Structure formats: structure tokens, C-alpha cells
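Just so it is clear, the model here is predicted, and its values are computed rather than measured. Below, chains carry the letters A, B, ... as their sequence lines are ordered, and counting in each starts from 1.
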Number of protein chains: 2
Amino acid sequence: MAEQNVPRYQTIHEEILARLKQGLYSVGTRLPSEEALAKSFGVSRVTVRRSLEMLVSAGYLISRQGSGYTVSTLSPPSTTCLISFTDAILKSGRVPGARLIGIDRFDGDAPATVQALFDEPVVRIQRLRMVDGQPRMLVNTWVPTRLVPDLSDADFPEDGPNQSILRILVRRFGLEWGSACETIRPQLASDEVARLLGLAPNTPILAQACSALDDSGAPVFYDEVYRDSPITYELVGASRRERSE
Amino acid sequence: MAEQNVPRYQTIHEEILARLKQGLYSVGTRLPSEEALAKSFGVSRVTVRRSLEMLVSAGYLISRQGSGYTVSTLSPPSTTCLISFTDAILKSGRVPGARLIGIDRFDGDAPATVQALFDEPVVRIQRLRMVDGQPRMLVNTWVPTRLVPDLSDADFPEDGPNQSILRILVRRFGLEWGSACETIRPQLASDEVARLLGLAPNTPILAQACSALDDSGAPVFYDEVYRDSPITYELVGASRRERSE
DNA sequence: TCTACATATTAGTAGATACAAATTAGTCAG
DNA sequence: CTGACTAATTTGTATCTACTAATATGTAGA
């Protein structure tokens with residue numbers, strides 16, 4: 001059976017996005033008109049329009065009245081701060097890597113902040129993210145053992161497109177989170193962090209902490225990142241936010 | 001004349017938002033149904049629905065099929081990082097303040113990074129942002145002199161709701177920006193910054209730099225923030241982004 | 001009183017339609 | 001060939017309609 005009740009605007013949205021990523025409509029060119037797309041998909045203009053609006057608000061397309069939809073970019077700026085390290089590095093044309101340092105299980109003996117958040121057995125995945133072979137940041141990810149029953153070293157490839165731990169947790173274990181809270185603190189590199197990142201002791205670094213919760217408010221994962229390099233965000237101003245405030 | 005061509009869904013959106021802020025519909029309660037709202041506004045259900053969708057995607061409302069729209073919060077998490085310091089502090093129930101240190105004009109003799117960005121005479125507004133009377137961060141804002149012809153000390157109140165420099169620049173001088181790029185770096189407090197913020201020399205701090213551009217790509221302002229305190233973001237995950245990817 | 005069922009309410013999806021507004025393309029005069 | 005006007009194209013706004021799906025409510029039976 002597996003009857004899926006996915007709305008049509010959703011499938012059409014995904015189809016157009018897939019075409020964009022495939023390069024069927026290249027950057028700067030115009031898409032077929034709403035009318036033509038609606039006809040080709042066999043739906044009304046309203047429905048295809050909804051799909052296009054999603055792509056506009058996601059930043060892929062730009063619509064101009066009387067003119068049409070033009071492809072803006074294939075990698076729109078992320079509006080969240082949970083942007084994937086892998087994506088960001090790939091986008092900048094460099095080679096991302098990940099060295100797994102270790103997977104450790106804790107049962108009540110995790111650091112206080114982590115223990116207070118989860119209050120159940122947790123796994124710590126400790127990885128060193130690399131750029132062009134150089135260590136760039138230390139990432140500690142904490143997840144309840146319950147959610148990742150048979151986690152192993154094999155789940156964390158050292159290279160390739162599937163290094164993102166968020167992607168791994170989502171795809172492999174079906175983890176889902178509804179909201180998250182991220183903080184960025186300044187601090188001095190500890191001896192261990194300095195050694196792993198190849199820095200002088202007491203170098204000022206950024207410590208990012210991110211705790212993600214599911215829709216019921218239960219914690220799903222906790223992420224610590226220690227890095228020497230700056231964090232960069234691209235933001236969009238009034239033009240893009242027009243419809244949301 | 002001043003004939004305004006504002007779409008109805010926009011005015012209705014604003015009206016409902018105003019009602020929310022006024023407390024007409026309080027948090028946790030249900031709004032009138034789409035049908036009822038449509039009737040009261042004298043528009044179709046589709047139109048009022050569009051307004052409600054905007055409020056849902058902005059985080060004010062939560063919709064449940066068969067149930068209705070409930071008021072989620074009056075201060076939804078910002079999706080951009082350009083959140084106003086004033087707003088954030090007010091939201092946490094503390095009292096924000098701002099001490100103007102000085103307004104200085106530069107004509108070709110600004111620091112290299114600033115000069116490279118603007119390549120024209122600029123003004124530096126140097127302010128100390130306070131929380132409950134304690135200095136919390138040092139903010140240097142650089143704007144082309146051309147855009148703020150008659151800037152003076154009087155434009156920067158020490159307290160009250162209009163401290164936000166972004167708001168001042170927008171309201172008073174009509175500044176607009178289309179996109180921005182923000183970076184966060186770790187560094188050690190210089191003697192001057194340490195003195196102004198009341199920190200020990202060489203304390204690790206965060207240095208935020210934000211450059212904002214208008215739609216044509218010309219720089220509008222450049223902002224430097226030095227702070228000891230962490231930066232916090234609230235993020236929303238898949239549930240909210242459902243319609244944008 | 002409590003449960004199970006039927007009914008009403010309410011949002012979600014989708015279509016057809018009409019007109020407005022902006023842009024583009026085409027045409028014609030000079 | 002150029003410029004001005006016209007027509008066609010294309011998106012933006014808005015209405016009415018119909019049906020589906022989830023939720024809430026009310027009612028009858030145990």
C-alpha cells in the first residue's frame with residue numbers, strides 16, 4: 001500500500017528543485033511561465049505557483065511581475081546558523097574531511113552540562129574536521145544512546161559528501177529536531193584543543209554550543225564546536241523578509 | 001493623492017499582528033476561524049488565509065487542521081542574526097542602555113578594512129552598549145558621510161526604545177540594505193576595549209563584523225562589535241522550514 | 001459516569017476564473 | 001535604424017467553489 005498523502009505542490013516543488021540542481025535550468029536563465037509549467041505538470045496555475053513561491057522564499061528563484069522567474073543561485077544563503085560545515089567548505093571550492101577521534105559511551109558520568117540536558121546514557125562522537133588536510137575544528141556531538149543503538153566507526157566516513165553529522169543522524173537513525181538553541185562564546189584554547197588543532201596554547205578560539213530539541217521539547221543532540229577560524233553568515237534584508245514581517 | 005497600492009493580505013496581516021501586540025488575542029488562546037476573520041475583514045477566506053500563513057511562518061501563530069490558529073508567542077525567534085541588541089535585552093526583562101563615546105569623521109584616513117570597503121569619507125559612531133548600567137559591548141558603526149549629512153549626538157539617546165542604531169539609520173536617514181555578511185572571530189581584548197568593557201587585559205572576546213550592502217551592491221554600513229558575553233541564537237528546524245525546503 | 005459514535009467545525013489542498021500591473025515583444029511611423 | 005506606441009505575455013492579487021482531513025463537540029447507549 002504505502003499510500004502517500006503528499007500534496008502536489010510539494011512534489012512539484014521537489015521536482016523543480018531537482019531540475020535546478022541537475023542544471024536543467026541554469027543560473028540567470030528564465031524558467032517556463034507558470035502557465036506552461038502548470039500545463040506540463042497537469043495542475044492548475046495556483047498549485048504550481050505555490051511551489052514556485054517556496055523556491056523564491058528559499059532564495060533559488062527571483063520572480064518579477066511581467067517578466068517571469070529567473071534562476072538566482074543554486075546555493076542560496078542559509079537562514080539558519082546550523083549550516084553544514086561540509087556544504088560551506090565544498091561551496092568555497094575546498095576539500096572537507098573528517099577524522100574520527102573516538103566514540104565514547106557515558107552512563108551518568110558525562111560532563112555536568114551534558115548530563116543535565118539529557119539525564120540518560122549518551123554517546124559522544126568526537127571528530128576533527130579538516131580543510132585541505134589541515135585540522136580546522138574539533139566537534140563533540142552528544143546523542144542519547146537510545147537514539148543511535150548500533151552506532152559504529154563505519155558510520156563516519158573520512159571524506160566524501162556524507163560527512164555531515166546532522167545528515168548522518170537524520171538519514172541513518174531518523175533523528176528529527178524541531179528547534180535548537182546555539183550559543184557562541186569566546187574562550188582560550190585548552191591544551192588538548194590546541195594540540196588537536198595545531199594552535200599555540202591559550203590562543204583565543206570560538207566555542208559553539210548547540211542543543212537541539214524535538215517537537216515535544218526532549219533533547220535530541222548536543223553539539224560542541226571549538227574553532228580558531230571565524231564564523232561567517234550571509235544575511236538577507238528587507239527584500240526577502242517582505243512576506244514574513 | 002497618495003494612492004497606496006498595498007495588497008489586502010498585507011494590511012490584514014498588519015492588522016492581526018497589531019491585535020496580537022495589543023494583547024487582543026493572548027498567548028495560548030485561539031483566533032477566530034478563517035471563515036469568521038474573512039467575514040469580519042470583508043475578504044475571501046483565501047486572502048485572510050494568506051495573512052495568517054505569514055504569521056505562522058513568522059512564528060507568531062501555530063495552525064492545526066481541524067482545530068484552528070493558536071497564538072504561539074509574541075516574540076518569535078529571529079531568523080536573522082541582525083537581531084537588535086535593544087530588543088534582545090528588553091525581551092529578557094533587563095534595561096538596555098547606550099553611551100555615546102564619540103562621532104568621528106574620516107576622509108581617507110579610516111582603518112584599512114573600512115577604507116577598502118567604502119572608498120569615500122565615512123563617519124564612525126562609537127558607542128558602549130549597557131545592560132542594567134554595566135557596559136556589555138563596544139560598537140563601532142561606520143557609515144558613508146554622504147548618507148548621514150547632519151548626524152549629531154542628539155540622534156543617539158542614552159535610553160528608551162530608540163537606541164538601536166539600525167533603527168536610527170533606517171528611520172532618520174532612510175538607509176536601506178538588501179544583504180549583509182557577518183563574521184564572528186575570536187580574539188584577545190585590546191587595552192582600550194578591555195578598559196571600556198571593564199575586563200582584564202587579554203581576556204578572550206568575540207569580535208563581530210557586519211557589512212551591509214544595498215540592492216545594487218554598494219556598501220551601506222559597517223559594524224564592529226566587541227563583546228565578552230556569548231551570542232545566542234534560537235533556531236527553528238524542519239517543521240518551520242517545511243515550506244521553504 | 002464513561003465510552004463510542006455521529007455530527008459539526010475548521011484548516012488543508014486544489015481547481016477555475018477574473019482582472020490588475022509590470023514587463024517584453026512587436027509594429028509602425030518618421 | 002530609431003523611437004514611440006500597441007499588443008501580448010507573465011506575474012500579482014483576489015474571489016468563489018469543492019472537497020478532504022483533522023479536530024472538537026454533542027448525543028445516545030452501556
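At whole-Å resolution of the value, CD in B:Gln65 and P in D:dC19 are 17 Å apart. When rounded to the nearest whole Å, the span between CD of B:Glu35 and P of D:dC16 equals 11 Å. What separates CD of B:Gln10 from C1' of D:dA14 is a distance of 15 Å, to the nearest Å. A:Glu53 has its CD atom 15 Å from the C1' atom of C:dT13, to the nearest Å. Spacing between atom CZ of B:Arg50 and atom P of D:dC16 amounts to 17 Å, rounded to whole angstrom units. One atom, CE of A:Met54, and another, C1' of C:dT13, lie 13 Å apart when rounded to the nearest Å. Whole-Å rounding puts the B:Lys39 NZ to C:dT9 P distance at 13 Å. At whole-Å resolution of the value, CD in B:Glu34 and C1' in D:dA22 are 13 Å apart.
At a threshold of 4.5 Å between non-hydrogen side-chain atoms, the residues A:Thr47 and A:Phe41 do not count as touching.
Checked for salt-bridge contact, A:Glu35 and A:Lys39 miss the test: no charged N lies under 4.0 Å from a carboxylate O.
Here B:Ser67 does not reach the OP1 or OP2 of D:dA22: none of its side-chain N or O atoms lies under 4.0 Å away. Side-chain N/O atoms of B:Ser44 include one lying less than 4.0 angstrom from OP1 or OP2 on D:dT15. Taking side-chain N and O atoms only, B:Tyr9 has a distance below 4.0 Å to OP1 or OP2 of D:dT13. At the phosphate of D:dA24, OP1 or OP2 sits under 4.0 Å from a side-chain N or O atom of B:Arg64. At C:dG12, one or more side-chain N or O atoms of B:Tyr69 fall inside 4.0 Å of OP1 or OP2 (strictly under the cut-off). B:Arg49 has a side-chain polar atom (N or O) that falls below the 4.0 Å cut-off from OP1 or OP2 of C:dG12. Here B:Arg45 does not reach the OP1 or OP2 of D:dA14: none of its side-chain N or O atoms lies under 4.0 Å away. For A:Thr47 and C:dT13, the shortest distance from a side-chain N or O to OP1 or OP2 is not below 4.0 Å.
Remark on DNA chain D: of its neighbouring residues A:Ser63 and B:Val43, the 5'-side contact belongs to A:Ser63, judged by nearest-heavy-atom nucleotide. Of the residues near DNA chain C, A:Arg30 and A:Arg8, the one whose nearest nucleotide (by heavy atom distance) lies more toward the 5' end is A:Arg8.
Distance check: B:Glu14 CD to B:Leu55 CG gives 10.0 Å after rounding to the nearest 0.5 Å.
The heavy-atom pair separating A:Pro219 from A:Pro144 by the smallest distance is O-CG, 4.2 Å.
When each of A:Ile62, A:Leu20, A:Leu24 is checked for a side chain to side chain contact (heavy atoms under 4.5 Å, CB included) with A:Val71, only A:Leu20 meets the rule.
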